Number of protein chains: 2
Amino acid sequence: MRSMVRQAHHKKESHARLTGGRVSESTVRRLSLYYRGLSTFEREGYKTISSKDLAKEGRLTPAQVRKDLSFFGSFGTRGLGYPVKELKEKIARILGLNRTWNVALVGVGNVGSALVSYKEFPKQGFNIKLLFDNDQRKINKNHKGIQVFDVKDLASKLKEHKIDLVILAVPASAAQAVTDDVVSAGVKSILNFAPTHIKVPDDVTLRSVNMAMELEHLSFSLVNKGYPLKF
Amino acid sequence: MRSMVRQAHHKKESHARLTGGRVSESTVRRLSLYYRGLSTFEREGYKTISSKDLAKEGRLTPAQVRKDLSFFGSFGTRGLGYPVKELKEKIARILGLNRTWNVALVGVGNVGSALVSYKEFPKQGFNIKLLFDNDQRKINKNHKGIQVFDVKDLASKLKEHKIDLVILAVPASAAQAVTDDVVSAGVKSILNFAPTHIKVPDDVTLRSVNMAMELEHLSFSLVNKGYPLKF
DNA sequence: AATTGTGAAATTGTTCACAGCA
DNA sequence: TGCTGTGAACAATTTCACAATT
């Protein structure tokens with residue numbers, strides 16, 4: 001079980017980059033889960049934590065937790081577990097959460113507005129610096145303290161403000177054109193909320209959140225309940 | 001390439017349920033992609049479509065498209081491809097999109113409001129019938145045409161209105177308590193937007209959308225760019 | 001005694017390659 | 001001929017199981 005005993009730990013250098021270890025997409029997703037779990041355990045005062053306890057934060061196995069972490073280094077102590085604070089900081093570094101990122105958001109509609117107010121973003125270092133829209137009634141006004149620019153000036157403003165990461169909350173019909181502008185400005189990371197497939201060059205990372213697709217998954221489960229389909 | 005030639009097709013019964021075929025989570029996700037692709041092709045007037053063309057809608061291989069579809073039946077015609085309209089309807093049935101679902105949404109804040117206005121939901125048969133909040137200023141008022149109830153009455157109202165599916169857009173701190181109420185009302189499907197891990201019984205399907213986690217993935221990619229990590 | 005770190009085994013998921021059919 | 005449907009081969013991921021360590 002969890003231990004409240006404070007414990008000194010030494011750590012080795014991260015080695016995933018050196019050993020050619022393979023880090024899968026799902027490993028990254030689980031790293032985010034561990035990070036959230038560790039934040040909770042830290043708040044509750046735990047000093048060390050076992051892979052078993054960490055696994056409970058997400059229906060995983062202890063072996064998987066250990067395997068995931070082992071891609072990046074040896075952070076634990078045999079017989080004792082992982083030091084909560086240190087492991088949390090280590091994962092923060094791996095995920096790039098030990099710094100701030102300049103974010104721009106395109107499309108100040110319903111979804112866009114909700115994201116501007118989303119408190120998790122600034123907490124994790126994602127600071128929305130610029131907003132863009134194509135609606136003249138919104139352009140050149142402030143929205144919750146952030147200036148709204150004309151989407152026509154997207155590429156130049158992104159460069160000017162050294163934006164690292166763009167969130168797309170535009171209609172599906174506009175998504176590809178806006179993406180092309182974002183890419184032309186040299187931005188390498190895009191989070192897309194438009195319910196459509198968009199194309200980016202290989203060196204640009206694109207992640208898409210499609211809320212309809214999530215509901216479709218649920219309705220699939222409802223329809224297929226009771227059959228021996230494996231999830 | 002794509003063919004515009006109309007073609008008569010006969011179809012076999014779906015057999016995934018009979019053969020014990022294994023349908024993975026990713027297969028369901030891809031089914032959603034195919035559905036969207038087929039909608040586009042149908043709009044453009046195509047009558048038949050090959051697995052190759054369908055694969056382009058999402059960086060997949062033709063073999064994967066065929067394998068995915070084969071879990072549910074033989075929908076295509078050798079030498080010709082798949083009939084667009086029929087395949088779309090078939091997938092709609094598999095995903096449970098050939099009917100409507102009664103949805104309730106808990107938490108009429110920023111995210112909740114955005115979801116109420118999300119046009120994809122009603123398009124696919126997900127009708128938000130009830131809203132819940134714990135803010136007296138919102139309770140018993142209309143929000144975009146839908147009545148807001150006190151979250152205290154959650155369980156009884158869910159039963160009364162035969163709600164199939166609940167969307168959670170509440171703060172992380174309230175998520176588990178609300179979930180327990182939802183589960184007690186017999187609802188078997190939950191879409192969670194609260195950035196926290198929640199527990200549900202095995203017979204309840206839970207999907208979580210965590211927007212911070214998506215950004216974390218992007219910042220990971222930015223930080224680890226250029227290293228031979230495989231995604 | 002407890003728990004990590006990690007090769008090896010098991011499992012799951014993807015791609016290949018080709019027989020079968022229109 | 002062209003393209004599906006699918007078993008077999010291959011690849012990736014997860015779990016096992018145990019030596020190593022505190």
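Just so it is clear, the structure is predicted and the values come from calculations on it, not from any experiment. Numbers restart at 1 for each chain; the letters A, B, ... are given by sequence-line order, proteins then strands.
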D:dG5 OP1/OP2 closer than 4.0 Å to side-chain N/O of B:Y82: yes

Rounded distance in Å - NZ (B:K47) to P (C:dA22): 23 Å

Rounded distance in Å - CG (B:D53) to C1' (D:dC3): 11 Å

Phosphate contact (D:dC3 OP1 or OP2) by B:S51 side-chain N/O below 4.0 Å: no

Sorted by number, the residues of residues 59-68 of chain B with heavy-atom contact under 4.0 Å to DNA chain D: B:R66, B:K67

B:S51: side chain to side chain donor-acceptor pair (under 3.5 Å) partners, not counting sequence neighbours: B:R66

Polar pair under 3.5 Å, donor/acceptor by atom type, side chain A:R78, base C:dT3: no

Atom-pair distance (CZ on B:F75; C1' on D:dC3), nearest Å: 17 Å

Which residues share a ring pair (Phe, Tyr, Trp, His ring centres under 6.0 Å) with A:Y118, sequence neighbours left out: A:F121

Rounded distance in Å - NZ (A:K52) to P (C:dG5): 17 Å

Listed nucleotide nearest any side-chain atom of A:S26, set D:dG5, D:dT14, C:dG5: D:dT14

Contacts of type side chain to side chain donor-acceptor pair (under 3.5 Å), residue B:D68, not counting sequence neighbours: B:T27, B:R30, B:Y34

Closest heavy-atom pair and its distance - B:F41, B:E57: CE1-CG, 4.1 Å

Any side-chain donor near an acceptor of the partner, B:D181 and B:S184, under 3.5 Å: no

d(CD1, A:I49; P, C:dA2) in whole Å: 17 Å

Distance, rounded to the nearest Å, where A:L54 contributes CG and C:dA2 contributes P: 20 Å

B:S24 side chain near C:dT12 phosphate (N/O to OP1/OP2, under 4.0 Å): no

Residue pairs involving residues 199-209 of chain A (criterion salt bridge (Lys or Arg N to Asp or Glu O under 4.0 Å); sequence neighbours excluded): A:E25-A:R207, A:K188-A:D203, A:R207-B:E214

Sequence neighbours excluded - salt bridge (Lys or Arg N to Asp or Glu O under 4.0 Å) pairs with any residue from residues 115-125 of chain A: A:E120-A:K123

Residue whose nearest DNA chain D nucleotide is more 5′ - B:L69 or A:G79: B:L69

